[in-house]
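I have placed the structure first, in the form of structure tokens, so that the comments after it can refer back to it.
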Amino acid sequence: MLRITNVRILSQTVRAVLALAAEVPPTPRIATAGLLSAPTPVLQPARSYAKSKDKKKEKKGAGGAKVHINEDQLAEVFDVAALRTLMERNVATMKDDYIKNLSLRSATGAMETLKVTYEGKDYQLQELGQIVRKNPKTVVVNLVSFPQTIPAVLQAIQKSGMNLNPQQDGTTLFVPVPKVTREHREGLAKNAKTLFIKCRDAIKDAQNGQIKKLKKQTDISEDLNHQVQAQITAIANEYIKEAEKMMEIKQAELLGDKS
């Protein structure tokens with residue numbers, strides 16, 4: 001009877017201990033493997049990269065500031081009127097070349113006023129020989145009075161921009177008038193660009209020549225010197241833009257573009 005009572009007491013005690021253990025939350029295990037070697041994450045500020053279009057806009061905006069041209073300020077430093085006259089003359093020469101030399105049908109009148117350089121002097125072709133329109137397809141130039149000028153005349157005709165290819169027979173030149181083909185139109189349009197480049201380079205030469213002189217001046221401040229240089233470049237760009245617009249109009253006319 002005593003043993004049974006002891007067993008019951010022991011059984012009750014075990015149940016109480018188990019019940020108490022079930023109520024206590026388990027202690028979390030801490031993983032130590034690799035704890036010391038795990039790298040600490042480093043936060044870096046996010047970098048934003050501009051798209052290619054945005055870069056182009058930024059670049060264009062940085063260098064596209066319009067330069068204000070102060071004529072009074074320039075006049076105090078150099079002869080700005082003379083510089084403008086020189087640049088205007090280059091544009092006028094190009095315009096004159098377009099009118100005389102770039103037409104779909106090379107007229108006799110255009111050849112009469114063609115400039116020929118001989119022994120350092122300039123002459124009009126009509127001063128050196130007789131020019132006759134033999135038929136709608138051929139112009140004849142008779143140089144019997146000045147045969148020594150034939151090489152210079154040939155060179156002037158070939159480089160006139162009229163897309164002409166003269167043929168020599170003694171002291172006479174036969175100049176076939178090209179048909180108005182697409183190829184002929186494109187050739188004239190190409191010559192229009194050649195004349196524009198010649199004009200542009202002449203304007204740039206005038207610009208660079210004036211800036212070169214300006215850099216040697218010591219009677220003005222460095223800041224003013226840079227300002228004037230920028231304005232000279234802006235003036236040159238104005239005339240180049242004007243000449244380029246003339247070229248575009250002429251090319252559209254020669255190619256038959258309606259736009």
Specify the closest pair of heavy atoms between [X] and [Y], including all atoms of both residues, with the distance to one decimal.
| X | Y | value |
| --- | --- | --- |
| Gln217 | Asp219 | NE2-OD1, 3.3 Å |
| Leu254 | Leu102 | CD2-O, 4.1 Å |
| Gln251 | Ala189 | NE2-O, 3.0 Å |
| Phe174 | Asp169 | CE1-CB, 3.8 Å |
| Leu164 | Pro176 | CD2-O, 3.8 Å |
| Val91 | Met246 | CG1-SD, 3.9 Å |

4.5 Å side-chain heavy-atom contact, [X] and [Y]:
| X | Y | result |
| --- | --- | --- |
| Ile69 | Glu238 | yes |
| Lys204 | Asn237 | yes |
| Arg84 | Glu71 | yes |
| Met94 | Lys198 | no |
| Leu173 | Val153 | yes |

As an exercise, state the distance from [atom1] of [X] to [atom2] of [Y], rounded to the nearest 0.5 Å.
| X | Y | atom1 | atom2 | value |
| --- | --- | --- | --- | --- |
| Glu127 | Glu112 | CD | CD | 11.5 Å |
| Tyr98 | Met247 | OH | CE | 6.0 Å |
| Leu83 | Gln210 | CG | CD | 5.5 Å |
| Ile240 | Ile235 | CD1 | CD1 | 12.0 Å |
| Gln168 | Ile150 | CD | CD1 | 4.5 Å |
| Glu222 | Lys215 | CD | NZ | 11.5 Å |

Check: Around atom CD of Glu248, are there more than 12 heavy atoms of other residues, nucleotides or ligands at under 6.0 Å?
Finding: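 Above 12, so yes.
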Next item on the list: Look only at the side chain of Asn135 and the backbone of Thr138, and say whether a donor-acceptor pair between them is shorter than 3.5 Å.
Entry: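 Checked: pair present.
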Item checked: Donor-acceptor pair, side chain of Ser221 and main chain of Leu224, under 3.5 angstrom ->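 Yes, because the side chain of Ser221 sits within donor-acceptor range (under 3.5 Å) of the backbone of Leu224.
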Would a hydrophobic clustering, with Ile, Leu, Val, Met, Phe, Trp and Tyr connected at side-chain separations under 4.5 Å, put [X] with [Y]?
| X | Y | result |
| --- | --- | --- |
| Tyr239 | Val67 | no |
| Phe78 | Ile220 | yes |
| Val116 | Val140 | no |
| Leu86 | Leu74 | no |

Margin query: Go through it in stages, so that I can follow the logic: the residues are Lys193 and Ile197, the test is side chain to side chain contact (heavy atoms under 4.5 Å, CB included), and I'd like the CA-CA distance, side-chain angles, deciding distance and then a yes or no.
Written below: CA-CA 6 Å; Lys193 184 174 182 179; Ile197 292 174; 4.2 Å; yes
Margin query: Thr218: which residues meet the side-chain contact (heavy atoms from CB on, under 4.5 Å) condition with it, sequence neighbours left out?
Written below: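 Residues passing side-chain contact (heavy atoms from CB on, under 4.5 Å) with Thr218: none at all.
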Check: Does a side chain donor of either Gln229 or Asn225 reach within less than 3.5 Å of an acceptor in the other side chain?
Finding: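 Yes, Asn225 and Gln229 have a side-chain donor paired with an acceptor closer than 3.5 Å.
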Notebook entry, point to check: Could Arg182 and Glu186 be called an ion pair, given the rule that one side-chain N must be under 4.0 Å from one carboxylate O?
Noted result: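 Yes, this pair counts.
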Checklist line | salt_bridge(Glu244, Lys241) N-O dist < 4.0 Å | finding: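 Looking at Glu244 and Lys241, the cut-off is not met.
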